[in-house]
Amino acid sequence: MADCVIVRAYGRQLDQLRAEAFRIARGRQIDWWIDRGDKGTHFCFESAEAKQAFTSMCDNFAVPYVEA
């Protein structure tokens, strides 16, 4: 089961989030993926710990998110 977060970010900010998601997933040796949706971009991880680390990065970048 995937742990997902929906964010509304564009351009350079979205690129930063992708890089952070990659770094987080690589460090935990898990898979992650992105899906585009009507409400925003879904960042999905294979662990709840990775999702929590990602939401912390969203807070640091002041990017609003909704847990999916």
Side-chain angles (χ1 to χ4, degrees):
M1 183 172 180
D3 289 288
C4 298
V5 176
I6 302 170
V7 299
R8 286 189 165 256
Y10 306 95
R12 187 173 289 177
Q13 193 173 45
L14 184 58
D15 291 340
Q16 285 179 322
L17 292 175
R18 283 186 191 126
E20 289 301 323
F22 173 78
R23 184 186 63 76
I24 290 166
R26 184 181 64 194
R28 288 171 172 74
Q29 298 179 349
I30 61 166
D31 284 333
W32 71 284
W33 60 94
I34 296 175
D35 289 325
R36 297 261 180 185
D38 293 339
K39 296 181 180 181
T41 304
H42 298 240
F43 283 81
C44 300
F45 301 88
E46 288 187 334
S47 81
E49 291 175 357
K51 180 180 85 169
Q52 184 177 10
F54 183 76
T55 58
S56 293
M57 293 309 305
C58 289
D59 290 337
N60 289 344
F61 291 146
V63 175
Y65 62 89
V66 176
E67 296 194 26

Next on the checklist: Distance check, rounded to the nearest 0.5 Å: R23 atom CZ versus R28 atom CZ?
Outcome noted: 8.0 Å

Next on the checklist: Can you give me the closest heavy-atom contact between D3 and A48, atom names plus distance?
Outcome noted: OD2-N, 3.1 Å

Next on the checklist: For a 4.5 angstrom cut-off between non-hydrogen side-chain atoms, does W33 reach E46?
Outcome noted: yes

Next on the checklist: What's the separation between atom CG in L14 and atom CD1 in I34, rounded to the nearest 0.5 Å?
Outcome noted: 6.5 Å

Checklist entry - If you draw a 6.0 Å radius around CD in Q13, do more than 12 non-hydrogen atoms from other residues or ligands fall strictly inside? => result yes

Checklist entry - So, D15 and R12, do they make that salt bridge, N to O below 4.0 Å? => result no

Checklist entry - Would you say I6 and L17 are hydrophobically clustered, going by side-chain heavy atoms of ILVMFWY under 4.5 Å? => result no

Item to check | Point-to-point distance, once rounded to the nearest 0.5 Å, from CG of D35 to CZ of F43 | outcome: 10.5 Å

Item to check | Point-to-point distance, once rounded to the nearest 0.5 Å, from CH2 of W32 to CZ of R18 | outcome: 7.5 Å

Only pairs under 3.5 Å count here: list side-chain donor-acceptor contacts from residues 59-68, not counting sequence neighbours, and write none if there are none.
| residue | atom | partner | partner atom | Å |
| --- | --- | --- | --- | --- |
| E67 | OE1 | K51 | NZ | 2.9 |

Item to check | From CD1 (I24) to CD (E49), nearest 0.5 Å | outcome: 12.0 Å

